[in-house]
4 protein chains.
Amino acid sequence: MKGLVFHQPGVTAWEDVAEPGLKDPADVIVRVETTTICGTDLHIIQGDVPGVAAGTVLGHEAVGEVVEAGREVRTVRPGDRVLVSCISACGRCGYCREGSYGQCRGGGGWLLGHLIDGTQAEYVRVPFADHSVHLLPGGLDSQDAVLFADVYPTGYEVGVLNGAVRPGDTVVVVGAGPIGLTSIATARLYSPDRIVAVDRVPGRLDWAGRFGADARVLASDEPEQLVDDLTDGLGADVTIEAVGVPETFEMCTRMVRPGGHVANIGVHGKPAALHLEDLWLKDLTIRTGLVDTSSVPMLLSMLNAGRLTTSPLITHLFELEAMEEAYEVFAGAEDTGALKVALKGPQVYRADKSSLVTTAH
Amino acid sequence: MKGLVFHQPGVTAWEDVAEPGLKDPADVIVRVETTTICGTDLHIIQGDVPGVAAGTVLGHEAVGEVVEAGREVRTVRPGDRVLVSCISACGRCGYCREGSYGQCRGGGGWLLGHLIDGTQAEYVRVPFADHSVHLLPGGLDSQDAVLFADVYPTGYEVGVLNGAVRPGDTVVVVGAGPIGLTSIATARLYSPDRIVAVDRVPGRLDWAGRFGADARVLASDEPEQLVDDLTDGLGADVTIEAVGVPETFEMCTRMVRPGGHVANIGVHGKPAALHLEDLWLKDLTIRTGLVDTSSVPMLLSMLNAGRLTTSPLITHLFELEAMEEAYEVFAGAEDTGALKVALKGPQVYRADKSSLVTTAH
Amino acid sequence: MKGLVFHQPGVTAWEDVAEPGLKDPADVIVRVETTTICGTDLHIIQGDVPGVAAGTVLGHEAVGEVVEAGREVRTVRPGDRVLVSCISACGRCGYCREGSYGQCRGGGGWLLGHLIDGTQAEYVRVPFADHSVHLLPGGLDSQDAVLFADVYPTGYEVGVLNGAVRPGDTVVVVGAGPIGLTSIATARLYSPDRIVAVDRVPGRLDWAGRFGADARVLASDEPEQLVDDLTDGLGADVTIEAVGVPETFEMCTRMVRPGGHVANIGVHGKPAALHLEDLWLKDLTIRTGLVDTSSVPMLLSMLNAGRLTTSPLITHLFELEAMEEAYEVFAGAEDTGALKVALKGPQVYRADKSSLVTTAH
Amino acid sequence: MKGLVFHQPGVTAWEDVAEPGLKDPADVIVRVETTTICGTDLHIIQGDVPGVAAGTVLGHEAVGEVVEAGREVRTVRPGDRVLVSCISACGRCGYCREGSYGQCRGGGGWLLGHLIDGTQAEYVRVPFADHSVHLLPGGLDSQDAVLFADVYPTGYEVGVLNGAVRPGDTVVVVGAGPIGLTSIATARLYSPDRIVAVDRVPGRLDWAGRFGADARVLASDEPEQLVDDLTDGLGADVTIEAVGVPETFEMCTRMVRPGGHVANIGVHGKPAALHLEDLWLKDLTIRTGLVDTSSVPMLLSMLNAGRLTTSPLITHLFELEAMEEAYEVFAGAEDTGALKVALKGPQVYRADKSSLVTTAH
């Protein structure tokens, strides 16, 4: 089969790889119907994630069909259409027993496209299937559903839940990329009084508005002053960092009110300064976290009931074999305006070709 | 009357000052029976707290007798023996209504010995008395009780409650000064499995043992390795920073397990590095905070029931007029071994002279 | 002035009473701009609330203007337009310090129209004004705002917060009177998956739909079967009792899923059977409660931002002097279709006469 | 092998039964080292638990050695010494994912000695072994450890955690049988100010004192008056029902303060009256629940560290084959003073015969 293989920093290829087989009786093999590319994949390609071995197939998000199931798998079987979570969970360790799947100590965690071959391929092996894939309600479109492998639960769990958003709150989301946008969309589930989106790209702020931001401000346009004005100088109840650089994290710690919450979602490559000389007495709660995907069943149910917006997040659609072009479009987001790109496998692709937003050729 | 007046960085004097009178109908005037000196007072004298105006009487902890009460005061009256909290609270603003007295927006907060004259004097005016002083149960010794003006509630609220200590936890307390010791003593209220104390002074570690630390380790003696060994490499459930320098804060963020809590109590003068490149995915909760003293009624009840250790914390006892000598002993803690020094006013002093640990001359 | 005086069970009159004056320096006198009638007032008239002395002016909800303020009052002054909360709170006792104003032990609690003269009059004395009235944002209509004296915070605090409604939940509200309707409206702040309304009157179910219920079922039409069908036999996450009779409370305990929450809002006159032989192992949480009105500032802010529906709840509007007719209309709700009736005082009445829905004569 | 077989109400026998074998690849077979008898077993024999089929081996608590493990079992293997939990958990359903194992919807829940053969036998088959047995730390005595299969986690989870015990609380435990005693012992982990034990048997109150009750009162001796006196008329913060009859449940709802918690542990056979006419406005939280045993790892760690008292709970020790005599002693507790009886299997029995408290013959 074909897969997107990481060879060394800067070098990847869509090429022939061995089809995966069951290695453990808790595994399933999934034929990939739809996958997508994550900002983290770009970090891997740049060489920022040393755990990724040469030869690894990338990708950690997918919707697909179970084609083979190990003998221990009890919750899905061949023929089932499933969401492949970005987190694999043993289900037995102390962390998994508390739903902290991202911290699994039993061999799980972020495996796909990281420590083992991932979803940017025609087939993928998913370990610990009973805790790592989710049966999909029948009618869900795979382009919508694939956003629940990582993007939606991350915005919700690491942004909104860690930020403890409550009715009436002022919430600031710094960074209006896919994760920031899902933070905005899911923050609305708790009826904050207002959501302020901050980004340095005007087009992203437009998206923020479509996902529910009540106020939008360029990073260059004094966002701290705006928050100050909106809150009578008190600061925001919740600030959510969805960029991953020291400047935006530090901005979040300045914009939050005494007693407020800072939720960091960004993947950081270097330290930030924590200005304890100002913050030690501010009663702050700062949370960091990797997604657990424990909220996926609830979020899928909300999606199925039409209570969450998804489609506009997929700006570009490709056939699976156009993977390399999709990477170019995604990596060049400033020019292409890409938010998330979806890649559809051949069989399903033929079935609903008419709905394609952008074709590969 | 006499009071300890801050004139400029490095210059204070025990000298004549005007006796305080009621300025607001919610005030009380308290005759100081016992007061004490806080590490923050030393910071003020060093010039680190710019809000303190020249001429201010220092001190924010006291036990005493109400001698005059404004006409709005409803919960105490002249003749009552009270604990003067380090935090004054308007009781009406949004923060006070949630018990976040330290963040009072109605004119309260940390006022005594900071923005107004404090407790290191014969008399002190306490604003917003109904929310800022506590009636003392009859039999309590003033040396015990004075520790509940700041030291005990700070260790408990900012350390133990913000750290969310639970039964079975491994708790690390970095810094075994008075605040670290009360964190240890009050962490035990939640039955952690073990408490590890870290300090750079052997004598302080001895104290930590007396307050309930199960393991004690010098900062120079690889505390991180010890915590690693004790927790099978996982890290502590809770780390409590009770020093106030970047090194110890950063140590706390390294010693905590994924999913754990870091509670900062230390008063910091400069930024710490937050190593988000390691911590972004560790599901950490980091809390900062100023004490609210909302736990004082419960803690006093525990003290009264004999469930909290206090006396050993007062290592030196002086007459009030020996204030300057007391400051020297307290500032020279490395040599004198001082933890907390207590100063007793003249009238009460005569009554129980026999119990003095150390006299002034 | 005139007021609605309770003389004995079954006997009330709109008659001359003495104008209230300040009795305590924390009181305010409020000229009533708008008041309303509560189902509890009908219970009082029926003699079900023995604490109400003959001669008491009824009513515990109002919007009005402060005309006189005691010397201790700090947060409002004459000329301010305020919401008078149904709960008066001393602000100093242990319960008030935790925001549990309904349980005030310092002389507050439900006083107005119960233990002291209430709001169904031209003027009302409100004790503990700083914790018992709320400044109104300028533009709010008094008919909207008066619903936040009791009806909205009760539905929200005692129904939604005590029921711990979460995104994705199935919520059942039994009883679609004013309190049930505000439970429905405020449950939506937490984005439940669906809200099921149960009532025995078809017209009330229509209202439930307008306030946001997704499914509506007559009490006679097998509501338990419907909930069973909607939840695959599991039961609702949250059931909210807003009637006050044993049958509906017991229905709520049958319709809730294992691990779910039952929130009782209803004012009950006799015991219900708690079927512990079935429920002991169901992991239920059952909450009862009197409103605290601690959520009023947040709810008013949501109202001001246009995020809460109110106007349709006032079905009938009268001049204050038509109080007796208003009681008849309200008591005869089955025929008149009344939900809440509003009564407007003379001065304000003249100013906006054109907006009256129903006049008294 | 031999086992205690339930034939029909009133008729059981220690007789030959088929040795259990693996039925599912997630099962283990455990050789019973120590088992015990629960009050629920007596209810079964009286015919009160209709789900128990004739021919079922009773018992749901054991310590033993794994002698065979299904091919899916990953956390234990033959030769391991384990605690067999009274709850079996699939680990995959929504309830199990939240740690609510007692409510398992995937085929687990209370199975042993209820829906399948139990632990009062030489061998027992335990389904879903990875979530239903716990590896024992090496040095633990089996008589201590067997109390953690049901008795200790029930007192802790359903009593103390559901009751939300906090430092400084007044806690009342009604019923000083084994479950009441473990509620007392584990309530102390949260440092309540005082624990009041209520029972109708003086000898049980003596035990309550040994487990940490500060006050003890006979049910006939006005316990409500005592609680009233101890709390200045306010009532207890937490009341824990550990009997299972309407009278004691209703007593718990009368003795709790406004805003307090009632935790029901008792297994009830008929409804109780919930006096909503008094309670609707008291801000009560009433919890019911089946144990999950999710706290077992923490509790075992506390036991291993010497922080929990256990041994005195086992008042009588028998050889396994003396099961029928053990039942008589346990059922006649009023005369024999039995709290828990332990039964030891032959091999282990020989090893530590000298420590027997009571022998069978």
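Scope of the values below: all heavy atoms of this structure, side chains included, with no hydrogens, waters or symmetry mates.
- Counting only N and O atoms by type, the side chains of C:His261 and C:Asp237 include no donor and acceptor under 3.5 Å apart.
- Checking A:Lys340, A:Gln143, A:His60 one by one against A:Thr36, the side-chain contact (heavy atoms from CB on, under 4.5 Å) holds for a single residue, A:Lys340.
- With hydrogens and angles left out, the side-chain atoms of A:Asp130 and A:Thr75 include a donor and acceptor closer than 3.5 Å.
- Heavy-atom distances place the backbone of C:Arg188, and not its side chain, under 4.5 Å from chain A.
- With respect to chain C, the highest number of heavy-atom pairs below 4.5 Å among A:Asp169, A:Asp193, A:Thr186 belongs to A:Asp193.
- Between the side chains of C:Glu157 and C:Ser295, at least one donor N or O sits under 3.5 Å from an acceptor N or O.
- In this structure, the portion of C:Asp214 lying under 4.5 Å from any heavy atom of chain A is its side chain and not its backbone.
- Within the 4.5 angstrom heavy-atom criterion, only backbone atoms of A:Pro192 (N, CA, C, O) approach chain C.
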